[in-house]
Amino acid sequence: MASVGPSAASTQPALPSGVAVFKTIPYAFILPEIVCGTWVWILVAATSVSLPLLQGWVMYVSLTSCLISLLLLLSYLLGFHRNSENWKVLDSLYHGTTAILYMSAAVLQANATINSEFSISPNYQLNSAASFFAFLTTFLYILHAFSIYYQ
């Protein structure tokens, strides 16, 4: 007679809720994503926008992803996921898509930084800081998406 092993559901790690979110990888990346994303849109908003189409996309991506990540963090803190596997798929898809969008925004912000270097505008330092935080936030979203995928 073959022995029956544990079911696949019991070997899956439980989704954290409450303050355990801040201690569990990859969910601990959500708060730094929010903070760095907030810095991106604050720094872009502080500049006199020379290329409104490019930096408008940067503002849209950073503000939208910051708000959605904040809602995702609150849902994990309050335990809305109820340990469902669908939340892992949702989390992975969201962070993967946002990483791609943030990469496009970071490249556009770097382009705006290069353009502001040669203009009379005094916003080069703000644009370069926004570019740095945009690429850092992109890296955090990529790290989160891959660590959720490989978990």
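We're numbering straight along the sequence, starting at 1.
- Counting heavy atoms from C-beta on, the side chains of Leu101 and Trp57 come closer than 4.5 Å.
- Leu43 is connected to Tyr60 through a chain of hydrophobic side-chain contacts under 4.5 Å among Ile, Leu, Val, Met, Phe, Trp and Tyr, so both are in one cluster.
- The line from CD1 of Ile30 to CG of Asp91 is 5.5 Å long, rounded to the nearest 0.5 Å.
- In this structure, the side chains of Leu93 and Val89 come closer than 4.5 Å at one or more pairs of heavy atoms.
- No more than 12 heavy atoms of other residues, nucleotides or ligands shown are found within 6.0 angstrom of CE on Met103.
- The closest side-chain donor-acceptor pair between Ser69 and Tyr94 falls under 3.5 angstrom.
- There is a path of hydrophobic side-chain contacts, each under 4.5 Å, that joins Leu108 to Leu126.
- The nearest pair of heavy atoms linking Asn127 to Ala112 is ND2-O, 4.1 Å.
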Show your working on side-chain contact (heavy atoms from CB on, under 4.5 Å) between Phe133 and Ser62 and close with a plain yes or no.
CA-CA 10 Å; Phe133 279 109; Ser62 61; over 6 Å; no
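- Hydrophobic clustering (side-chain heavy atoms under 4.5 Å, transitive across Ile, Leu, Val, Met, Phe, Trp, Tyr) keeps Val58 apart from Ile100.
- Taking both residues in full, the closest heavy atoms of Ala145 and Gly96 are given as CB-N, 3.7 Å, listed atom of the first, atom of the second, then distance.
- Side-chain atoms of Phe139 and Tyr102, non-hydrogen and from C-beta on, never get closer than 4.5 Å to each other.
- A heavy-atom distance below 4.5 Å is not found between the side chains of Leu136 and Trp39.
- No continuous path of ILVMFWY side-chain contacts below 4.5 Å connects Phe135 to Val35, so the two sit in separate hydrophobic clusters.
- Contact annotation: the side chain of Leu143 never approaches that of Phe146 to less than 4.5 Å [non-hydrogen atoms, C-beta and beyond].
- Annotation for Thr38 and Cys66: closest pair OG1-SG, 3.2 Å, computed over non-hydrogen atoms.
- With hydrogens and angles left out, the side-chain atoms of Ser65 and Thr98 include no donor and acceptor closer than 3.5 Å.
- The side-chain heavy atoms of Trp87 and Leu72, taken from C-beta on, include a pair separated by under 4.5 Å.
- In this structure, Leu73 and Glu33 have side chains that are not in contact, with every pair of non-hydrogen atoms separated by 4.5 Å or more.
- Note: the hydrophobic cluster containing Val107 does not contain Leu63 (ILVMFWY, side chain heavy atoms under 4.5 Å, direct or indirect links).
- Side chains of Val40 and Gln109 form no contact here, defined as non-hydrogen atoms less than 4.5 Å apart.
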